[in-house]
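Down below is the structure, laid out as structure tokens.
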Amino acid sequence: MSKLRLAVILNPHSNRQRAAHQAPHIMAMLSHFGLEATLFQTTHIGHATRLAQQCVADDNWDGIIAAGGDGTINEIVNGMAGSQLPLSFIPLGTGNDFVKMLKVPANNIVEAIRSIATNRLRHIDLGMINQHWFINGVGIGLDANVAIEAQKLKRVKGGLVYIIAVLKSILSYEARDLLIETDDLTLQKRINMATVGNGGYHGGGFWITPESQIDDGVLDVCLTGDQSRWSMVRDSSRVRQGSHTALPSVTMLKTRTFKLYSERGVPVHVDGEVFSASLHEINITIQPAALTIRV
Ligand SMILES: Nc1ncnc2c1ncn2[C@@H]1O[C@H](COP(=O)(O)OP(=O)(O)OP(=O)(O)O)[C@@H](O)[C@H]1O
């Protein structure tokens, strides 16, 4: 069998620039495992989308490897829409939430590449929010405020960023009155946080939608009602274990469509990156088996 030709799209900026140092090791390991790879490094926000579009148009590759975190994967997926080209993952990000659904080990480049070399293909679902693809999830409200706060913490490293951002958001975010429509119901409720998951882990390891499967054709939704700041702090450890779903303040739903209207704008993150500081209308759908992955 001829060697697989793979385009590696690496974001040197991932995990506070730590990813930049990994490029030589990644290329050496790809070669070690018999893969023919070419490295493309992103130079600016949005560049991974352009590079992925170019790879699809070239018609010269057997696949793309996303070397970065969830934001990089999101940009690449948005450049690959409609393509059959398989996507693989070398997790180099801060949260690396999406790959937790794949058992691809974070911080272990050798194991990630060994797994790519086994050449197993899978079809997975993608979500779409207001004409933009997502692979892992959308966070609305407090969850998105966490992403906005995390962006501001330029000097803090690793997982600590998310812990500080979560605590700051719990102290400052005000719940909104939302109108939500799913496949089966219409809800009018004061909501602190709404998470719409294709994957199950969000915000750096919080297992917010623990029943999520990336190939089941449905979105899992977690709605958290208005609650006291103390109960939010108390419950956050339960969210890490996914045992929050039975709490009275939590509503879990499954749906293929999710619409939201809010008079007061809500902050939104998509795959962990800030999408908007204030949206009044959100339209989310699931596109079953929209992406081929090689993992
Ligand atoms: N050369 C670059 N300089 C600055 N920002 C970049 C560059 N290339 C890409 N980016 C932006 O960096 C963002 C964050 O990258 P990424 O998600 O890979 O890392 P992370 O935030 O550390 O990880 P995670 O999302 O898993 O927590 C991407 O959404 C992308 O827009």
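No hydrogens, no waters, no symmetry mates; every other heavy atom, side chains included, goes into these values. Whatever order the structure lists them in is the order used to number ligands and atoms, beginning at 1.
Using a 4.0 Å cut-off to heavy atoms of S14, the atoms of ligand 1 that qualify are 15 (O), 16 (P), 18 (O), 19 (O), 22 (O). Which parts of ligand 1 touch G95 is read off a 4.0 Å heavy-atom cut-off, strictly below it: atoms 24 (P), 26 (O), 27 (O). For ligand 1, the atoms closer than 4.0 angstrom to any heavy atom of N15 are 19 (O), 20 (P), 22 (O). Listed by number with element, the atoms of ligand 1 under 4.0 angstrom from any heavy atom of N96 are 26 (O). Taking every non-hydrogen atom of T42 and a distance limit under 4.0 Å, the qualifying atoms of ligand 1 come out as 1 (N), 7 (C), 8 (N), 9 (C). For ligand 1, the atoms closer than 4.0 angstrom to any heavy atom of T72 are 15 (O), 16 (P), 17 (O), 18 (O).
Taking the ring centroids of F98 and F89, they lie under the 6.0 Å cut-off.
The salt bridge (Lys or Arg N to Asp or Glu O under 4.0 Å) pairs that include a residue from residues 43-62 are R5-D62, where partners are two or more places apart or lie in different chains. Listed by first and then second residue, the salt bridge (Lys or Arg N to Asp or Glu O under 4.0 Å) pairs involving residues 189-217 are R122-D215, D177-R190, R190-D226, E211-K254 (not counting sequence neighbours).
Between T72 and A67, the shortest heavy-atom distance links the atoms CG2-O, 4.3 Å.
Here the protein heavy atom with the shortest distance to atom 30 (C) of ligand 1 is E75 OE2, 3.3 Å. Of all protein heavy atoms, the one closest to atom 12 (O) of ligand 1 is N11 ND2, 3.2 Å. In this structure, the protein non-hydrogen atom closest to atom 20 (P) of ligand 1 is T94 OG1, 3.5 Å. Nearest protein heavy-atom neighbour of atom 25 (O) of ligand 1: D70 N, 3.3 Å. Closest to atom 14 (C) of ligand 1, if we only count protein heavy atoms, is E273 OE2, 3.5 Å.
Panel note: side chain D143, backbone A194; no donor-acceptor pair is recorded below 3.5 Å. Using modelled atom types, no side-chain atom of S249 and backbone atom of T224 make a donor-acceptor pair closer than 3.5 Å.
Taking distance alone, with nitrogen or oxygen atoms compared against 3.5 Å, G93 stays at or beyond that limit from ligand 1.
The residue from I180, V266, L223, I129 that alone fulfils the side chain to side chain contact (heavy atoms under 4.5 Å, CB included) condition with I140 is V266.
Taking the six-membered ring for Trp and thresholds of 30 and 60 degrees, W61 and F40 have ring planes more than 60 degrees apart, a perpendicular arrangement.
Both the backbone and the side chain of I45 come within 4.0 Å of ligand 1, judged by heavy-atom distances. Counting heavy atoms closer than 4.0 Å to ligand 1, residue H44 contributes backbone atoms (N, CA, C, O) but none from C-beta onward.
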